[in-house]
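These notes concern the structure reproduced below.
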Amino acid sequence: MTTSTILLLLLSVLIAAGLSFYHYLYKAKSNSKVNLLLAFLRFLTVFSILLLLINPIISRKTFEVTKVPLPIVIDNSQSINELAQTDLVKELTLKLAQSNSLKDKYEVQLYRFDSDFQPNTSLDFKGKQTHIDQVAENLKQFYRSQNYPVVLLTDGNQTIGNDYVYSFQQNTTVYPIVIGDTTTVLDLKINQLNVNKYAFLKNKFPVEVFVQYNGKKSLNTTFSIQHGNSTVHKQNISFSPNKKIEVVTVLLNAESVGVQTYKAVISSSENEKNKYNNSKNFAVEVIDERSEIALVSAINHPDLGALKRSIESNLQRKVTVINPNEIKSLEDYNVLILYQPTPEFKTVFEQNKNLQLNTWIITGTNTDFNFLNQYQNQVNFKLSGQKEDYSADFNSQFNSFALENIGFENFPPLEHPFGTITLKQNASVLLQSRIRNIKTENPLLTFTENGLKRNAFLFGENIWKWRMESYLKSKSFDQFDLFSDKIIQYLATNAAKKSLVVNHESFYNSGESIEISAQYFNKNYEFEENARLTIQLKNKKTNTSKSYDFLKRTNEYVVDLDGLEPGNYSFTVKENNSKNQYSGSFEVLDFEIEKQFVNPDLTRLMQLAANTNGKVYFPNQVDQLIDFLSKNQQYLPTEKAILKQSPLIDFVWLLVLLAVSLTTEWFVRKYNGLL
């Protein structure tokens, strides 16, 4: 309290006493008990008012000792259990947590991590993933501007996340305690396997396998890929102390539709400590994209044979060349190629009004353009009888589907009647026409899309010359055949809008996050915020079923199915209000990544310690670590002076006193007839 405040308080006492004396003693000229009581009450009232105005503050200084935090972070993943180190980890944790020398100097705090990071309540070593990188991220949030040490009990084998070696910030010093036997033992391991999730029927799909060897002698091994009870690939691999990694690339045949499960296996005659990592399951969903294509033409032309051979180079395509007068039904076809339509095509166009098959119209010198103007509304033709040669210019901004320029500008020109071609709907032009070196406004190859209906237009004949030119340049038909296949794939694909859209994988690895998302749209195809989605999940082997509710996120509904056992599952997603539903299936493959390790990753833990100026310790050196941290002068407690300021009197009680004194004074004066 300052001197000026004390002087104001003394002045307040004098003013309150003077006013009380003047009103009830000097002016009344009586020292009766009533006047003395009234004078005292008036003194309290005036002094309380002045005290509220002055509001005197009392300052108090206290001292607080802040200890340096010491996070002790324990690996709670399944790999600790697989290395048979659970009892040791619990013993080390207890020893560190109960060390008096550490508790006297540090604020000891226990955490555990696997796929999540949380305060340590108990250790069960059942975590399906090891995410060391998140340890660094969480500690950064807890201790932003402090210098502190970290004791990390782990085997160093991270399965998800960024590289933890470079994740810890500069003000953090990490002291890893290496869990597990660092003695190198002979071990064969399928370290990584890369494969596409999808393959097309009757095609080949690549599988890339990284096989790793730990050992000190040369070893002959056998690598194989199994599909059910049969072996689809087998080869010998030799390893030595200087050759410890082999990359195997295999092309497998996609022979059956659906999810096909395979197993990659590496084996030898040697005994291994851990054989679980000698095999890895993987799966590929084989898709049947077979398309039936009707190539309709009333004339004979070399283009027909070139198109048929080019399209059928993809075994999933079958082209039937047919005369328009011979067509009885279009229901057996997925795509129509109408080559130089004439009035003979009238029945084809009439039938397709109802079927709405996607079409590729190719025009040329034998086309009846008046007929085309009448039976389609995407393009308008105003052409003369004069013939012209049109070359192609590739449009690099075309984005309806991915396609590279295969040298269209150098291909022979196509023949077509001269005139004007006007696109009546929004269209994506892939090739623009050119007459010698003069660009025209006419397209040469264009695509239109209206709702679910897709169309392609090629304005020129003699495309067989393009296929031959492509062969002369590249010694293969592959580039041109891929070009035609892209067109057919575009036309054979329809993306119909559905009210209930469910996204899921065809297979998951056990231990991975199994998440299924869904979207539900109302009749205007707007995302429905109040949908009620449930999923009925059934294990095909045990026939047991479970129901789950979806949880809403920003623009989707999600259900988490973690913890499922390996096996085949079918499911049905239902929207309870509209009763719309979607059925599907997936397979959980037997693969637990935490069982892949036989040794701790000592190299990376040493790198982590070096990057943070720490040091690696082993379990038998924990006493040395405790002693080092206890005596380390870099981490000393800090003493803070805390200045607390508080009012001399709580204003609430002062107001109560003021109200009581005023009320009492009024009643006393009223009772004694002094009002």
Side-chain angles (χ1 to χ4, degrees), residues 76-78 111-122 124 126-135 137-138 141-142 158-162 197-198 259 283 285 495-594:
N76 190 51
S77 64
Q78 191 176 355
Y111 300 95
R112 72 173 191 180
F113 71 94
D114 36 59
S115 58
D116 296 320
F117 181 87
Q118 55 189 319
N120 180 34
T121 53
S122 62
D124 55 19
K126 294 182 179 179
K128 298 295 185 181
Q129 299 276 6
T130 302
H131 194 177
I132 304 177
D133 170 59
Q134 70 167 343
V135 174
E137 295 300 321
N138 281 276
Q141 300 299 321
F142 294 163
Q158 178 170 262
T159 58
I160 55 173
N162 298 324
K197 293 182 179 180
Y198 304 99
V259 178
E285 183 175 4
K497 288 187 176 180
K498 300 178 181 179
S499 296
L500 180 59
V501 179
V502 180
N503 298 312
H504 66 96
E505 303 292 345
S506 297
F507 51 88
Y508 301 88
N509 288 324
S510 60
E512 288 182 347
S513 175
I514 301 177
E515 188 176 88
I516 296 178
S517 62
Q519 292 179 306
Y520 181 72
F521 302 93
N522 59 25
K523 293 183 179 180
N524 290 332
Y525 292 103
E526 300 168 332
F527 179 72
E528 180 57 62
E529 300 280 351
N530 300 314
R532 294 174 55 213
L533 297 179
T534 59
I535 181 171
Q536 184 82 15
L537 184 68
K538 181 180 179 180
N539 187 315
K540 293 183 179 180
K541 182 178 181 180
T542 62
N543 287 326
T544 56
S545 299
K546 289 184 179 179
S547 294
Y548 303 87
D549 291 327
F550 280 80
L551 299 178
K552 183 178 176 298
R553 288 185 183 170
T554 305
N555 288 314
E556 63 179 358
Y557 294 86
V558 176
V559 63
D560 194 337
L561 303 176
D562 290 355
L564 295 180
E565 297 294 327
N568 291 297
Y569 294 85
S570 61
F571 66 90
T572 300
V573 177
K574 181 182 293 185
E575 204 288 313
N576 294 329
N577 294 325
S578 64
K579 306 303 180 183
N580 281 336
Q581 63 182 35
Y582 169 90
S583 296
S585 63
F586 61 85
E587 182 176 357
V588 179
L589 303 178
D590 183 13
F591 174 74
E592 294 190 38
I593 194 168
E594 292 292 329

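Nothing here was measured: the structure is a model prediction, and the numbers come from that model.
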So which heavy atom on Leu589 is nearest to which on Pro566, and how close? C-CB, 4.3 Å
Tyr557 ring center near Tyr520 ring center (under 6.0 Å): no
Heavy-atom side-chain proximity of Arg112 to Ser122 below 4.5 angstrom: yes
In terms of the angle between their ring planes, are Tyr111 and Phe117 parallel, tilted or perpendicular, with boundaries placed at 30° and 60°? parallel
dist Asn539:CG -> Ser545:OG (nearest 0.5 Å) comes out at 9.0 Å
Interatomic spacing from CD in Glu556 to CD in Glu515 - rounded to 0.5 Å: 7.0 Å
Check: Glu575 and Gln581 side chains under 4.5 Å, non-hydrogen atoms: no
Nearest 0.5 Å please: distance from the OG atom of Ser77 over to the CG atom of Asp124. 10.5 Å
Identify each donor-acceptor pair in which a side-chain atom of residues 529-536 lies under 3.5 Å from a protein atom, sequence neighbours left out, and give them as a table.
| residue | atom | partner | partner atom | Å |
| --- | --- | --- | --- | --- |
| Glu529 | OE1 | Lys552 | NZ | 2.9 |
| Gln536 | OE1 | Ser547 | OG | 2.5 |

Here the pair of heavy atoms bringing Thr159 nearest to Thr130 is OG1-N, 2.8 Å
Between CG on residue Asn555 and CD on residue Gln519, distance to nearest 0.5 Å: 7.0 Å
Set of salt bridge (charged side-chain N to carboxylate O under 4.0 Å, His left out) partners for Lys197, sequence neighbours left out: Glu505
Can you tell me how far apart CG (Asp114) and CG (Asn76) are? Round to the nearest 0.5 Å. 5.0 Å
Given side chains that start at C-beta, do those of Ser585 and Lys540 come closer than 4.5 Å, heavy atoms only? yes
Would you give the length of the straight line joining atom CD of Gln78 to atom CD of Gln129, rounded to the nearest 0.5 angstrom? 10.5 Å
Looking only at non-hydrogen atoms, find the nearest pair between Phe550 and Ile516 and report the distance. CE2-O, 3.5 Å
For Leu500 against Val573, the heavy-atom pair lying closest together: CD2-O, 3.7 Å
Residue list, side chain to side chain donor-acceptor pair (under 3.5 Å) with Asn138, at least two apart or on another chain: none
Backbone N/O of Gly161 and side chain of Gln134: donor-acceptor pair under 3.5 Å: no
Indicate the atoms forming the closest heavy-atom contact of Phe527 with Thr554, along with that distance. CE2-O, 4.1 Å
Classify the ring geometry between His504 and Phe586 as parallel (under 30°), tilted (30 to 60°) or perpendicular (over 60°). tilted
